[in-house]
Amino acid sequence: DAKTTQPPSMDCAEGRAANLPCNHSTISGNEYVYWYRQIHSQGPQYIIHGLKNNETNEMASLIITEDRKSSTLILPHATLRDTAVYYCIVRVYGGATNKLIFGTGTLLAVQP
Amino acid sequence: GAVVSQHPSWVICKSGTSVKIECRSLDFQATTMFWYRQFPKQSLMLMATSNEGSKATYEQGVEKDKFLINHASLTLSTLTVTSAHPEDSSFYICSAPFVQGASGTEAFFGQGTRLTVV
């Protein structure tokens, strides 16, 4: 079973920041938080991951609470092409055999 | 980033026939690949782990004789849906882990295969 809970859907205005929350209250000390997104009828796309520190890359920022029980993915300037289902996943870092268990995700709808 | 390619992108087959789906890692080697199934408006469900040179590992509830997996080389895994029925109609997606150097291992996904059984 997935170890994360996310709201089923969210709306965001184009050009504004999209903040997607994720709860992972049972996360273990050696588990990282990963975010993927899936645009309709395509394979998932990796966005970002982190352990305890906040992370930023060209796509997004990841904010992890100090107790690591929740996190927020931030898309700083959402565009219509960011409309997708966003999945928050916890898993052990690295390892070629580690499989990803997907939860239900959050459908982000970016509105013009 | 690393590229994982699936073929075909979509396929329609008659009930009772078998369908083979290919998953290739185009610019890297993958000793392990994963196969997922996704029904409309649902999340991805892991079906099995494909292991190069050895038997696949199936998740609970997935029929191994129904979904045959072959990982004959370091860049190719195939999923064969045998004696397909309409309830097998789904979106099938593969993924392969790719070592990103110091960044660790990430999963890259194929574009998916839409199977429709009529």
Side-chain angles (χ1 to χ4, degrees), chain A residues 1-9 20 22 24 30-53 55-60 62 83-109, chain B residues 1-6 9-10 21 23 25 28-52 54 56-60 71 74 90-115:
Chain A
D1 292 342
K3 298 176 64 174
T4 63
T5 56
Q6 299 175 251
S9 64
L20 293 91
C22 178
H24 31 80
N30 63 343
E31 288 183 316
Y32 282 62
V33 180
Y34 286 77
W35 284 84
Y36 286 80
R37 73 179 183 183
Q38 185 180 25
I39 295 172
H40 182 62
S41 294
Q42 296 183 23
Q45 175 190 24
Y46 166 79
I47 300 174
I48 198 168
H49 74 279
L51 180 63
K52 59 176 72 174
N53 297 322
E55 302 288 344
T56 295
N57 62 21
E58 63 277 5
M59 290 184 67
L62 174 60
T83 293
V85 177
Y86 287 76
Y87 295 99
C88 168
I89 301 170
V90 296
R91 52 161 276 193
V92 174
Y93 179 71
T97 59
N98 286 131
K99 52 194 177 185
L100 296 176
I101 304 299
F102 286 80
T104 53
T106 296
L107 173 58
L108 175 68
Chain B
V3 178
V4 175
S5 177
Q6 269 183 254
S9 298
W10 60 269
I21 302 170
C23 179
S25 54
F28 67 102
Q29 295 180 336
T31 57
T32 302
M33 292 185 178
F34 301 98
W35 286 96
Y36 295 82
R37 180 168 57 180
Q38 186 175 34
F39 292 108
K41 298 187 178 181
Q42 294 187 22
S43 186
L44 285 77
M45 185 193 79
L46 179 66
M47 298 175 66
T49 302
S50 173
N51 304 300
E52 188 270 334
S54 65
T57 304
Y58 291 82
E59 296 297 305
Q60 189 173 8
H71 196 147
L74 289 172
S90 187
F91 192 52
Y92 292 86
I93 308 169
C94 70
S95 78
F98 174 69
V99 178
Q100 294 268 46
S103 301
T105 304
E106 299 312 325
F108 289 90
F109 290 80
Q111 68 270 42
T113 297
R114 175 76 57 191
L115 170 63

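Chain letters run A, B, ... following the sequence lines, proteins first, then strands; residues in each count from 1.
- Note that the NZ atom of Lys41(B) and the CG atom of Leu107(A) stand 10.0 Å from one another [nearest 0.5 Å].
- Between Leu44(B) and Tyr87(A), the shortest heavy-atom distance links the atoms CD1-OH, 4.0 Å.
- Across every non-hydrogen atom of Ala107(B) and Tyr36(A), the tightest pair is N-OH, 3.4 Å.
- Heavy atoms closer than 4.5 Å to chain A are found in the side chain of Ile93(B), but not in its backbone.
- Across all non-hydrogen atoms, the minimal contact from Gln38(A) to Phe91(B) is NE2-CE2, 4.1 Å.
- For Tyr36(B) (side chain) and Gly43(A) (main-chain N/O), no donor-acceptor pair under 3.5 Å exists by modelled atom type.
- Looking at Leu100(A) and Ser95(B), their side chains never come closer than 4.5 Å, going by heavy atoms from C-beta outward.
- The side chain to side chain contact (heavy atoms under 4.5 Å, CB included) test with Ser41(A) is passed by exactly one of Gln111(B), Gln38(B), Arg114(B): Arg114(B).
- Gln6(B) does not touch chain A: none of its heavy atoms, backbone or side chain, sits under 4.5 Å away.
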